[in-house]
Structure formats: structure tokens, C-alpha cells
Engineer: 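Pasting in a structure now, in C-alpha cells, and then I'll have a few things to ask.
Quick note: numbers below take in every heavy atom, side chains included, and nothing from hydrogens, waters or symmetry partners.
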Amino acid sequence: MGRGVECDVLVIGSGAAGLSAAVTAARHGLEVIVAEKDALFGGTTARSGGWLWIPNHPMQKDIGVSDSIEQASTYLLDQAGEKFDPERVNAFLVNGPRMVEFFVRETAVRFDPSATFSDYHPDAPGGKPGGRSIVARAFDGRQLGAMLGKLRPPPPELTVFGVMIGSGAELVHFMRWSKSLQAAAFVARRLLGHAVATLVHGRGVRLTNGNALAGRLLKSAMDCGVQLWESSPVRELERRNGTVCGALLERDGERVRVATRRGVVLACGGFPQDRERRARLFPHREHHSPAPESNTGDGLRLAEAAGAKIDESLPNAAAWVPVSRVPRPGGGYGLFPHFIDRAKPGVIAVTTRGRRFVNEGDSYHDFIQALLATGETSAWLVTDHRAIRAYGLGFVKPRPLPLGAQLASGYLRRGVTLADLAHVTGIDATALEATVEEYNRHALRGEDPAFRKGSTAYNRFYGDPDIVPNPCIAPLAVPPYYAVEVLVGDLGTYDGIVTNGNAQVLDENKRPIAGLYAAGTDALSIMGGNYPGPGITLGPAMTFGWLAGRHLAGAA
């Protein structure tokens with residue numbers, strides 16, 4: 001039968017949602033166990049950008065941004081449409097700032113604000129051109145001690161020679177390393193520091209972005225006595241008289257029955273790797289998720305077995321992102337998510353028909369929605385020699401790094417002429433030449449009447465401020481020409497478990513299932529299938545994780 005263990009709270013999953021719930025409950029005096037299915041902690045959070053969208057957060061006053069719950073609610077109503085959930089949206093907007101204050105005051109978690117990282121639809125009612133998003137501050141992984149080796153590292157595709165590049169000023173230095181002696185010196189110091197750390201610790205120790213957030217939450221969990229169990233998949237929940245009172249899991253080769261005095265929190269990372277559910281809910285067949293392979297929908301299945309309601313009716317079942325397949329030296333491939341390069345001047349996107357279909361500078365979610373509307377599931381980012389050497393393209397780095405390895409692997413395609421490029425990519429040559437000619441005619445004046453690239457604060461955030469009058473527009477005029485293929489991926493799933501404003505799981509009659517909570521991408525997104533701004537996954541994940549922990553402790 002295996003052994004039995006008792007605790008107040010069992011949290012299933014160790015991403016931002018799970019660790020937030022665990023730390024909050026432990027800080028309120030509860031005995032907490034985190035059961036992570038994988039051998040590594042951090043979930044998808046550890047691979048993410050580490051941004052949280054928290055309107056009206058307490059650091060806005062420091063950066064001169066004014067905001068209100070009313071403005072943010074207006075924005076989310078516009079974005080979510082008929083899927084707007086007043087109870088949970090209000091719970092998020094009221095408690096998001098309180099969550100930030102709690103973690104900064106009580107734990108090792110620290111954030112930095114951005115005045116210029118825009119909402120993705122800043123011109124919509126209630127939208128803002130910046131100020132609502134915060135990012136995890138860089139973290140010294142040595143504070144984790146031996147647990148550093150159990151923190152999920154970022155994929156190599158998201159590093160430069162293994163170095164995690166932080167957002168904000170650090171990213172700017174890496175983007176300008178060939179243009180500025182100051183930036184070049186900064187990058188050299190970062191690379192040298194990483195090399196030394198790798199020799200001593202086996203990996204880099206300066207954690208940034210989502211790795212910093214996961215590392216800070218892991219350190220916070222360690223500080224408040226949370227028991228952290230890796231390689232411990234949960235097989236089923238236990239119920240008594242309608243109340244979830246524990247779970248049966250596997251650990252160290254044996255079955256372990258965990259009895260809970262307060263409840264269980266589901267935070268298993270949604271279903272990005274659940275091929276059966278994906279096939280049923282996604283509008284396309286070929287899908288490439290950068291989420292951990294272990295995110296196979298365990299939370300949804302456990303909730304369903306306990307009588308929970310699963311909502312699969314959102315207009316988008318996931319947060320879409322274009323990804324490219326990067327061949328790895330030992331075989332196989334990794335995935336590179338295209339966040340930044342699409343907005344650069346001199347980069348356009350076309351389908352195999354050779355036509356543009358979107359404002360390339362719009363959000364990754366909007367980009368894929370526009371692609372799917374064409375009936376295609378892949379596209380090509382096309383650029384010229386000037387732009388690729390200035391900005392890179394996908395996994396391809398800008399000068400002075402060479403292009404040879406990516407050309408040899410087939411990741412990057414090149415043609416002396418546009419017709420040559422069309423031949424090696426399978427793009428319609430006549431249409432591609434006509435598209436580029438039309439685009440260039442307007443680009444000479446910094447204009448894009450077809451798709452208005454560069455027209456929003458979000459577009460311009462990732463543009464090149466040295467290019468005027470439009471930081472996102474420049475002609476494709478310097479041969480040779482290059483292209484990288486992008487495919488449909490995701491940053492997390494949206495459909496999920498129906499919950500209330502305290503993160504309690506609801507049954508088919510919308511009544512709370514006693515002892516059962518869900519947060520993160522296991523829970524139904526409050527964004528209504530849309531993607532309003534940077535951090536709309538992690539912001540609610542930590543907020544509802546915090547709310548779950550408080551409710552379990554009787555503090556709510």
C-alpha cells in the first residue's frame with residue numbers, strides 16, 4: 001500500500017502559481033508539500049520571460065505612471081469580450097498589487113518595473129503604453145545552494161553562449177554590442193562571468209527573466225520550510241464526503257498517500273503537451289510547444305475526476321507564439337520563440353503564397369491568429385543583409401557573429417536575389433517579388449499603409465530608435481536576402497478548470513469543491529482567449545496562487 005504522509009496543504013506543480021501558493025500558505029503557518037512531477041523545479045516559469053502584468057502595481061508611482069482598477073477593468077472587458085468574468089477579474093485587479101507587496105515584504109522575490117513596456121493593444125479602451133508590467137529582478141543562483149542543480153535551466157536557444165540575457169537595459173546592451181564600446185564591454189564581462197561560473201558550479205549563476213523568478217520563489221519556499229519533492233507525479237486525488245483530502249502519488253519508487261488537513265492546489269502547467277486534448281481543441285494539427293514535456297494536462301484530468309467543470313469554450317485555447325525549429329548539434333531540435341525580431345525595420349512575414357498577412361510588430365498571439373486566418377500553419381520571416389547583420393533573425397545573432405552555422409544546418413535560408421530565396425524556401429517567387437516591391441515603395445518614407453507596422457507603442461518598443469521616422473520600417477534593399485520559417489507554438493494554455501475569486505475549483509453547478517484549488521494555466525484564463533499585455537500568464541498565476549494560499553490559511 002505504500003507509506004502515508006500528512007500535511008496541511010499539498011501543491012501539485014512548482015511553477016510560479018504552485019510556488020506562490022506554497023510560500024503564501026507556509027508564511028501563514030501551514031505545513032506545505034510541493035510535489036513536482038519532473039526531476040526539475042520551476043515548470044514553464046523557469047523558461048519564460050519572467051514578466052507579470054499587474055495593473056496599478058505599487059511601483060507605478062516610482063516610474064511616473066498613473067493607473068486604476070477602473071481603467072484596467074475597462075481594458076480587460078474590451079479584450080475578453082463575452083468571456084469577461086467580473087468576479088475573477090475583480091479579484092485579480094484588487095489583489096494583484098497586494099500580492100506584489102506581500103512577496104516583496106515577506107520573501108526573496110523582487111521585481112523591477114518598466115515604464116515603456118506597452119500593453120499589447122495600447123489604443124484600446126483602458127489600454128496603456130507602458131507601466132503595467134514588472135519583471136523578476138536578476139538573482140544570484142548560488143543562494144539556492146545544492147538546489148541550483150534542481151532548478152530547470154533555460155533552453156540553450158534562449159541564451160547567448162549559455163548566458164541568460166536579462167530584459168531591459170541588459171537586453172539593449174546585447175542588441176547593440178557591435179555598435180557601442182560600452183555595450184561590447186558589458187557583454188564581454190557577462191560572457192566571462194558565465195564561463196567562470198560554469199567551471200565552478202556547472203551552470204551560470206546569474207539568473208534572469210523567468211529563471212530568476214523561479215529561483216527566487218524556490219529560495220522563498222526553502223526559507224519558509226516548504227517540503228520540495230521532485231520526481232513525484234500525482235496519480236489521483238482522494239475525497240471523503242465530497243471534500244478533497246489528499247492524493248496518491250509516486251516517490252522514490254513507491255506509492256505515497258498524502259493526507260491534507262486543509263486542501264490541494266493544482267498548478268500543473270495546463271495541457272500544452274497533452275496531445276489528445278490539443279488535437280481536440282487546437283484549430284491546427286502541427287503544433288510545437290516550448291513547454292516542458294511533462295506538462296501533459298495532469299491538473300485538468302485530476303480535477304475532472306473530482307467532479308470539476310472544465311471550460312473549453314474560449315475563442316483561443318492557448319496563448320499562441322511563432323516558433324522556429326533550431327537544429328541541435330547532437331541531433332533533434334530546440335524551439336526559438338519569436339518575440340522581438342518581427343518588429344525590426346527590414347523584416348516582413350509572408351506565407352508560402354508570397355504575401356504579407358499581418359502587422360509583424362504586433363504581439364505573438366495576434367501574429368499567429370492572423371496566420372491561422374490564412375489557412376496556413378507556417379510562415380517565413382524575410383529580411384535583407386543589412387537587417388540581419390544589424391539585428392539577427394530568430395536564433396541567428398547579429399554581427400560580428402557569423403551566419404555560416406545556421407546556413408549549414410538549414411535553419412537560415414539565403415538567396416542572392418528574391419527569386420533565389422523563393423526557390424530555396426518554396427515561396428511563390430512572383431508574389432514575393434511583388435510583395436517586397438510594394439512594401440519597399442512605402443518603406444522608403446517609413447510608411448506601411450497595408451498593415452501599419454510601427455503604429456503602436458508596443459510595435460515601437462521593439463523597433464530600432466535609430467531608424468526614423470518609423471523605428472519598425474526600412475526597405476529590404478541590400479542583397480543577399482534571408483528567411484527563417486516560423487510555426488505555431490504556445491506560451492501556455494487558456495482553456496481550463498473553472499474557479500472562483502479565491503481560486504477554489506468549481507463543480508458543474510458552480511459550487512466550490514471543498515479542499516480543491518487551481519491556479520496558473522490549470523485554471524481557466526481570465527483573459528477570455530486574448531493576450532492583452534506582457535505577463536498576462538504569470539501575473540494571474542502568482543495572484544491566484546497567493547489567493548489560494550491565503551484562503552487555505554483562513555486569511556481571506
Engineer: Taking NZ, NE, NH1 and NH2 as the nitrogens, is one of them in Glu360 or Arg452 under 4.0 Å from a carboxylate oxygen of the other?
Structural biologist: no
Engineer: Testing the 3.5 Å rule here: is there a donor-acceptor pair between the side chains of His57 and Asp67?
Structural biologist: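 No, because no side-chain N or O of His57 sits under 3.5 Å from a partner of the opposite role on Asp67.
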Engineer: Between Gly554 and Arg262, what is the shortest heavy-atom contact and its length?
Structural biologist: N-NH1, 4.4 Å
Engineer: Knowing that exactly one of Lys128, Arg132, Gln79 qualifies, which makes a side chain to side chain donor-acceptor pair (under 3.5 Å) with Asp119?
Structural biologist: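 Passing option: Arg132.
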Engineer: Considering all heavy atoms of both residues, which atom of Ala541 and which atom of Ala519 are nearest to each other, and what is their separation?
Structural biologist: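 Scanning both residues completely, I find the closest heavy atoms to be O-CB, 4.3 Å.
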Engineer: Could you tell me whether Arg301 and Asp274 have a side-chain N and a carboxylate O separated by less than 4.0 Å?
Structural biologist: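 Between Asp274 and Arg301 there is a salt bridge, with a charged N closer than 4.0 Å to a carboxylate O.
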Engineer: Can you tell me how far apart OG1 (Thr456) and CG (Asn359) are? Round to the nearest 0.5 Å.
Structural biologist: 6.5 Å
Engineer: State, yes or no, whether a side-chain contact exists between Leu217 and Ser20 at a heavy-atom distance under 4.5 Å.
Structural biologist: yes
Engineer: Which is it for Asp298 and Thr296 under the side chain to side chain donor-acceptor pair (under 3.5 Å) test, yes or no, and what are the steps along the way?
Structural biologist: CA-CA 6 Å; Asp298 293 355; Thr296 54; 3.2 Å; yes
Engineer: Examine distances only and state if a side-chain atom of Thr521 and a backbone atom of Gly270 form a donor-acceptor pair shorter than 3.5 Å.
Structural biologist: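 Here the side-chain-to-backbone pair exists.
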Engineer: Going through the checks in order, is the side chain to side chain contact (heavy atoms under 4.5 Å, CB included) test met by Met527 and Leu76?
Structural biologist: CA-CA 7 Å; Met527 303 299 165; Leu76 287 184; 3.6 Å; yes
Engineer: Are any side-chain N or O atoms of Ser48 and backbone N or O atoms of Gly50, one a donor and one an acceptor, separated by less than 3.5 Å?
Structural biologist: yes
Engineer: Would Tyr364 and Tyr531 count as a close aromatic pair, with their ring centres under 6.0 Å?
Structural biologist: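 Yes.
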Engineer: Taking Thr260 for its side chain and Gly246 for its backbone only, find out whether a donor-acceptor pair lies under 3.5 Å.
Structural biologist: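 A pair under 3.5 Å: yes.
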Engineer: Could you go step by step and tell me if Arg152 and Glu293 meet the salt bridge (charged side-chain N to carboxylate O under 4.0 Å, His left out) rule?
Structural biologist: CA-CA 12 Å; Arg152 183 182 302 282; Glu293 287 294 327; over 6 Å; no
Engineer: Taking the side chain as C-beta and beyond, is there a heavy-atom pair between Val9 and Val264 under 4.5 Å?
Structural biologist: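 Result no, sub-4.5 Å side-chain heavy-atom pair not found.
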Engineer: Quick one: does Phe544's side chain get under 4.5 Å of Tyr517's, heavy atoms only?
Structural biologist: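 Not in contact.
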Engineer: Would the distance check show the side chain of Asp362 and the main-chain N or O of Phe367 forming a donor-acceptor pair, the cut-off being under 3.5 Å?
Structural biologist: no
Engineer: Evaluate Thr107 against Asp223 for side chain to side chain contact (heavy atoms under 4.5 Å, CB included), listing each step before the verdict.
Structural biologist: CA-CA 8 Å; Thr107 78; Asp223 289 345; over 6 Å; no
Engineer: Just so I know, are the side chains of Val488 and Leu372 near enough to count as touching, which here means a heavy-atom distance under 4.5 Å?
Structural biologist: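 In contact.
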Engineer: Is there a side-chain contact between Thr24 and Phe102 (heavy atoms, below 4.5 Å)?
Structural biologist: yes
Engineer: Going from CG on Leu237 to SG on Cys245, what distance comes out if it is rounded to the nearest 0.5 angstrom?
Structural biologist: 9.5 Å
Engineer: How many angstroms lie between OG1 in Thr543 and CG in Leu538, if you round to the nearest 0.5 Å?
Structural biologist: 10.0 Å
Engineer: Would you confirm whether the ring centroid of Trp51 sits within less than 6.0 angstrom of the ring centroid of Phe111?
Structural biologist: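 They do not qualify: ring centres at least 6.0 Å apart.
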Engineer: Tell me, with the steps shown, if Asn241 and Thr243 meet side chain to side chain donor-acceptor pair (under 3.5 Å).
Structural biologist: CA-CA 6 Å; Asn241 299 324; Thr243 298; over 6 Å; no
Engineer: Do Asn459 side-chain atoms and Gly454 backbone N/O form a donor-acceptor pair below 3.5 Å?
Structural biologist: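 Answer holds: yes.
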Engineer: Keeping the roles fixed (side chain from Lys37, backbone from Ser294), state whether a donor-acceptor pair exists under 3.5 Å.
Structural biologist: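 Yes, the answer is positive, given that a donor and an acceptor are paired below the 3.5 Å cut-off.
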Engineer: Please verify the inter-ring angle class for Trp53 with Phe92; under 30° counts as parallel, over 60° as perpendicular, anything in between as tilted.
Structural biologist: parallel
Engineer: Could you tell me whether the side chain of Lys61 and the main chain of Pro58 form a donor-acceptor pair under 3.5 Å?
Structural biologist: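 Pair found, side chain donor or acceptor close to backbone of Pro58.
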Engineer: Where do Val265 and Leu552 land on the side chain to side chain contact (heavy atoms under 4.5 Å, CB included) test, with the steps shown first?
Structural biologist: CA-CA 9 Å; Val265 180; Leu552 281 157; 3.6 Å; yes
Engineer: What orientation do Tyr462 and Phe117 show, parallel under 30°, tilted 30 to 60°, or perpendicular over 60°?
Structural biologist: perpendicular
Engineer: Are the charged groups of Glu31 and Arg261 less than 4.0 angstrom apart, N to O?
Structural biologist: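 Counted as a salt bridge, because a side-chain N and a carboxylate O are separated by less than 4.0 Å.
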Engineer: Carefully, step by step, assess Asn90 and Ser73 under the rule side chain to side chain donor-acceptor pair (under 3.5 Å).
Structural biologist: CA-CA 8 Å; Asn90 188 64; Ser73 183; over 6 Å; no
Engineer: Within a strict 4.5 Å, meaning less than it, do heavy atoms of the Cys224 and Glu106 side chains meet?
Structural biologist: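 Cys224 vs Glu106: side chains apart.
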Engineer: Quick check against the 3.5 Å criterion: does Arg98 have a side-chain atom that pairs as donor or acceptor with the backbone of Val94?
Structural biologist: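 A pair under 3.5 Å: no.
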Engineer: Over all heavy atoms of both residues, which pair between Ala503 and Ala548 is shortest? Give the atoms and the distance, please.
Structural biologist: CB-CB, 3.9 Å
Engineer: Do side-chain atoms of Thr493 reach the backbone of Phe271 as a donor and acceptor pair under 3.5 angstrom?
Structural biologist: yes
Engineer: Within the structure provided, determine whether Arg277 and Leu300 are in side-chain contact (heavy-atom separation under 4.5 Å).
Structural biologist: yes
Engineer: Specify the closest pair of heavy atoms between Arg342 and Ser363, including all atoms of both residues, with the distance to one decimal.
Structural biologist: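 Scanning both residues, the minimum pair turns out to be NH2-C, 3.9 Å.
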Engineer: Going by distance alone, is a donor N or O of one side chain under 3.5 Å from an acceptor N or O of the other, for Asn295 and Gln273?
Structural biologist: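 On atom types as modelled, these side chains do not qualify, holding no pair under 3.5 Å.
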Engineer: Can you confirm whether more than 12 heavy atoms, excluding those of Lys83, are under 6.0 Å from its NZ atom?
Structural biologist: yes
Engineer: Do Tyr494 and Trp320 pass the ring pair (Phe, Tyr, Trp, His ring centres under 6.0 Å) test, and can you show the C-alpha distance, the side-chain angles, and the key distance before you say yes or no?
Structural biologist: CA-CA 10 Å; Tyr494 279 163; Trp320 309 127; 8.1 Å; no
Engineer: Measure the spacing between CG of Leu516 and CD of Gln504 and express it to the nearest 0.5 Å.
Structural biologist: 9.5 Å
Engineer: Could you check whether His365 and Asn530, counting side-chain N and O atoms only, form a donor-acceptor pair closer than 3.5 Å?
Structural biologist: no
Engineer: Would Arg280 and Glu312 pass as an ion pair if we require N to O under 4.0 Å?
Structural biologist: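 Yes, this pair counts.
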Engineer: Test side chain to side chain contact (heavy atoms under 4.5 Å, CB included) on Asp112 and Ile134; report intermediate values, then the result.
Structural biologist: CA-CA 5 Å; Asp112 291 316; Ile134 57 178; over 6 Å; no
Engineer: Would you please test His121 and Asp366 for side chain to side chain donor-acceptor pair (under 3.5 Å) and show each step?
Structural biologist: CA-CA 10 Å; His121 306 119; Asp366 292 349; 2.7 Å; yes
Engineer: Could you give the distance from CG (Leu218) to CG (Leu151), rounded to the nearest 0.5 Å?
Structural biologist: 6.0 Å
Engineer: Would you check if there is a donor-acceptor pair between the side chains of Asn316 and Gln369 at a distance under 3.5 Å?
Structural biologist: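 Yes, because at least one side-chain N or O of Gln369 sits under 3.5 Å from a partner of the opposite role on Asn316.
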Engineer: So, are Asp140 and Arg206 salt-bridged, with charged N and O less than 4.0 Å apart?
Structural biologist: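 Arg206 and Asp140: not salt-bridged.
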Engineer: Indicate yes or no for a side-chain donor-acceptor contact from Glu87 to the backbone of Gly501 under 3.5 Å, with no hydrogens or angles considered.
Structural biologist: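 Yes, the answer is positive, given that a donor and an acceptor are paired below the 3.5 Å cut-off.
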Engineer: Give, for atom CG of Asp490 and atom OG of Ser289, the distance between the pair rounded to the nearest 0.5 Å.
Structural biologist: 3.5 Å
Engineer: Do Ser114 and Val135 have side-chain heavy atoms sitting under 4.5 Å apart?
Structural biologist: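 Of all side-chain heavy-atom pairs linking Val135 with Ser114, none is under 4.5 Å.
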